[in-house]
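Notes for the one structure printed next.
Reminder, nothing fancy here: chain letters follow the sequence lines and each chain counts from 1.
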Amino acid sequence: MTNEEISKILAEMAVLYEMESVEFKPRAYERASDGVAGLQEEVESVYKKDGIKGLMKIPGVGRGIAEHLKQLFSDGHFKEYDRLKKKFPVDIASLSSIEGVGPKMIKLLYNQLKIKNISDLEKAAASGELRAIPHIREKMEQKILKGIEYKKSGGGRVEIGKLLPLARAMKSRLEKVKGVEAIEIAGSLRRRQETIGDLDFLAVSENPEMICEFFSKMPEVSHVFAKGPTKVLVRLKQGLDADLRVLPKVSFGAALQYFTGSKDHNVEVRKIAIKKGYKLNEYGLFKSADTRGKKRRTTQKETLVAAHTEEEVYKKLGMDTPPPEMRLNRGEIEAALKHRLPKLVGYGDLKGDLQTQTDWTDGANSISEMAEEAMRLGHEYMAVTDHTRSLAMTGGADEKKLLRQMSEIDKLNLKFNPRSGGQKSKFKILKGAEVNILKDGSLDIDDKTLAKLDVVGAAVHSFFNLSREDQTARIIKAMGNRNVDIIFHPTGRIINRRKPYDVDIEAIIKAAKRTGTILEIDGHPWRLDLSDEHIRMAKEAGVKMVIDTDAHSVHELSYLEYGIAQARRGWAEKSDIINTLPLGDFLKCLKK
DNA sequence: GCCGTTTTCGGCCCGACTGTTTTCAGTCG
């Protein structure tokens, strides 16, 4: 049984207990579900190796759940799950994915109308049957129908590359609304996650109603879910939700803190606050009078301790401020408490791009156009890495074509960097290629030609469904070639479209260390490959990486930003990324 | 059911908005 399956069962348990109004267990099972989901190792092999004790080391798993898992592994039964499923034989995962439908409603839907899945629900809503249920009138009925429609249209997480430009454009218009003092993008977009579930805007305004009104009427908005004086929730035409929160100026830092971290990060930080006798919410860090007891909320005797900036809030909690990209509760809180956060590679640290395609193959622009744009972006170098021959559909280059391209690059370098004359440009185009790793691990360009190139990237573009062993061996064999400097997009995934091929990434990282091969962080927002977790593994293994764009046109050269964000989420520091080095030092890190 | 700088009991993150009903539970982020 895979971790994903186990994690799903635990998450479903959380909902089932919530339906039963059991206290505290839902949170406990959710945490266990997250703990399993975030585990590198297979839970089942943990159990085989270390038994119950091993299971209990998984975050969120204690004796109780460990015993359940043991039973699951030994005879395939999770007794409590079976019992609850018998009572509520419904498709919980899909029903709860409908906006506005939660555990309590799922329970009512089943008990009163025997609704088990989305299609039952849709029929009942369309026929008016739903109104037999207390608390459901016309508005709820409409909300449910809309939610189903959205789900059917494939609503979900969107690639960051599609959203960051949109969010920035919206932000710049929001900034101009009268009374607005500050606008910031928070949430998963500020963390620069690979995919974004919704957009979060924070505002400080002297006139909250006006900014809320403006926001709800922006041309990007297709539907307004909720609009109050300090909060607006909308759906965008893009197909995802966006919300705006308006806050007092004094609270802006606290709000940014509150709305930037992942849920897990925030829960942990708030627990630290409680331990230290504080209360933390989006308005600030407060020295609290007794706030226990849900009914009586003490509003007196709470004094504001920190709120103006994020740094202030973290500092009062005894922590350094983790960069937004790290706020996922993956060890950054502990590091921040110990003042041992890594100094992440910065957005301005890269000196050059190392994967670009031109109109010699499937790129849109000429070498010269790409080079000029790279110069404009402030790069010192740019490798041209067109596809090689076995990728026939792209007009991949053979040895002869590569040699011709090399001499073209020589000419351009002379033009950009004349030996005599006053021009001080230090820019250099590097001769490169993205060679194909063939099924058996050999390359589709001969070694003699490869040796003439400045930088060689090798990549898998075929036979994606080899067995794990064969796929891994194939790539490792290519890494053994003394001409291969970099493995491009090491797992081959395309976000939301193609799963990574089955490959033992630990073995690849080991082989990279052994052979001195560099691993790429492909910054193209469709790829972002290596993933953040793999970057962290590579860094810990002491393997060097590069960040580049895989640009196929001049405007894609700006994708470095996404690659850097990815590296930062993988805790990479400047020294882990060799294209932070000036050209001479960079070239020394390559094999030849 | 989990967890421990209030360690084997007694806590468990916190607030805004909605719908439907008159005081709040449910859902969401």
Nearest-Å distance, CZ (Phe259(A)) to P (dC14(B))? 14 Å

In residues 63-70 of chain A, which ones come under 4.0 Å of DNA chain B, going by heavy atoms? Arg63(A), Gly64(A), Ile65(A), His68(A)

With the side chain defined as heavy atoms from C-beta on, Tyr17(A) is closest, among dT27(B), dG19(B), dG1(B), to dG1(B)

From dG1(B), dG29(B), dT18(B), pick the nucleotide closest to the side chain of Asp243(A)? dG29(B)

May I have the distance from Leu199(A) (atom CG) to dG29(B) (atom C1'), rounded to whole angstrom? 14 Å

Could you tell me whether Val269(A) contacts a base, only the sugar-phosphate backbone, or nothing, with contacts defined as non-hydrogen atoms closer than 4.0 Å? nothing

Can you see whether Ser262(A) engages His265(A) through a side-chain donor-acceptor pair at a distance of less than 3.5 angstrom? no

Counting only heavy atoms not in Lys343(A) (residues, nucleotides, ligands), do more than 12 fall under 6.0 Å from its NZ? no

Residues forming a side chain to side chain donor-acceptor pair (under 3.5 Å) with Arg190(A), sequence neighbours excluded: Thr260(A), Glu310(A)

For Lys143(A), report the nucleic acid contact type (base, sugar-phosphate, nothing); a contact means any heavy atom under 4.0 Å. nothing

Starting from the C-alpha separation in whole Å, work towards a yes-or-no answer on side-chain hydrogen bond (donor to acceptor under 3.5 Å, both in side chains) for Glu561(A) and Tyr347(A). CA-CA 7 Å; Glu561(A) 180 182 4; Tyr347(A) 284 95; over 6 Å; no

Candidate nucleotides dT27(B), dG19(B), dG1(B), ranked by approach to the side chain of Tyr29(A) - the nearest: dG1(B)

What interatomic distance, in whole Å, is found between C1' of dA16(B) and the corresponding atom of dG11(B)? 25 Å

Glu282(A) has its side chain closest, among dC17(B), dG26(B), dA16(B), to dA16(B)

Would Ser74(A) and Gln71(A) count as a side-chain hydrogen bond (donor to acceptor under 3.5 Å, both in side chains) here? Give the steps. CA-CA 5 Å; Ser74(A) 53; Gln71(A) 201 183 23; over 6 Å; no

Under 4.0 angstrom, heavy atoms only, what part of the nucleic acid is Asn266(A) near: base, sugar-phosphate, or nothing? nothing

Can you check the distance between dC28(B) and dT22(B), where both ends of the measurement are the P atom (answer in whole Å)? 22 Å

Indicate the ring-plane relationship of His524(A) and Tyr559(A), choosing parallel, tilted or perpendicular according to the 30° and 60° boundaries. perpendicular

Which comes earlier along DNA chain B counting from the 5' end, the contact point of Asp241(A) or that of Ile58(A), where each point is its nearest nucleotide? Ile58(A)

Side chain of Tyr258(A): nearest nucleotide among dT20(B), dT5(B), dG29(B)? dG29(B)

Compare the minimum distances between each of dG1(B), dT20(B), dT27(B) and the side chain of His135(A), then state the nucleotide with the smallest one. dT20(B)

Rounding to an integer number of Å, can you tell me how far Lys146(A) NZ sits from dG19(B) P? 12 Å

Among dC14(B), dT18(B), dT20(B), which is the nearest nucleotide to the side chain of Lys139(A)? dT20(B)

On the nucleotide dC17(B), are OP1 or OP2 found under 4.0 Å from the side-chain N or O atoms that Thr230(A) carries? yes

Using the P atom as the point on both nucleotides, what is the distance between dC9(B) and dG15(B), in whole Å? 31 Å

Which class fits the ring pair Phe201(A) and Phe215(A): parallel under 30°, tilted 30 to 60°, perpendicular over 60°? perpendicular

Find the distance Ile133(A):CD1 to dT21(B):P and express it as a whole number of Å. 13 Å

When both distances are under 3.5 Å in a Watson-Crick or G-U wobble arrangement, the nucleotide paired with dG4(B) is dC9(B)

I want to check one thing: is the phosphate of dC17(B), taken as OP1 and OP2, less than 4.0 Å away from some side-chain N or O of Lys231(A)? no

Base, sugar-phosphate alone, or nothing: which one does Pro103(A) contact when heavy atoms must sit under 4.0 Å apart? sugar-phosphate

Sugar-phosphate only, base, or nothing, as touched by Lys263(A) at under 4.0 Å among non-hydrogen atoms: base

Cation-pi, Tyr110(A) ring and Lys114(A) (6.0 angstrom, 45 degrees): yes

P gap between dG1(B) and dT6(B), integer Å: 27 Å

Please check if the distance between the ring centroids of Tyr17(A) and Tyr29(A) is under 6.0 Å. yes

Less than 4.0 angstrom between a side-chain N/O of Arg245(A) and OP1 or OP2 of dG29(B), yes or no? no

Specify the separation, in whole Å, of atom CD1 of Ile136(A) and atom P of dT21(B). 11 Å

Taking only the P atom of each, what is the distance from dC17(B) to dC12(B) in whole angstrom? 25 Å

Closest to side chain of Ile274(A), choosing from dG26(B), dC14(B), dC17(B): dC14(B)

Look at all strands and tell whether Val22(A) reaches a base, only sugar-phosphate, or nothing, counting heavy atoms closer than 4.0 Å. nothing

Checking Gln566(A) side chain against Leu530(A) main chain: does a donor-acceptor pair fall under 3.5 Å? yes

When rounded to whole Å, the CG to C1' distance for the pair Asp198(A) and dA16(B) reads 15 Å

Taking atom C1' in both dG26(B) and dT21(B), what distance in whole Å separates the two? 14 Å

Decide yes or no for Leu164(A) and Leu189(A): does some side-chain heavy atom of the first lie under 4.5 Å from some side-chain heavy atom of the second? yes

Measuring only the C1' atom in each nucleotide, how far is dT23(B) from dT18(B)? A whole number of Å is fine. 14 Å

Calculate the interatomic distance between Met13(A) atom CE and dC2(B) atom C1'; express it in whole Å. 14 Å

Choosing from dG29(B), dT6(B), dT21(B), which nucleotide comes nearest the side chain of Arg137(A)? dT21(B)

Would Phe24(A) pass as stacked on dC2(B), i.e. its ring centre under 5.5 Å from the base's six-membered ring centre and planes under 30° apart? no

Hey, does the side chain of Lys279(A) come within less than 4.0 Å of dG15(B)'s phosphate (OP1/OP2), counting only N and O? yes

Length of the line joining Asp34(A):CG and dC2(B):P, which is rounded to integer Å: 14 Å

Winner on side-chain proximity to Tyr283(A), out of dG29(B), dA16(B), dG19(B), is dA16(B)

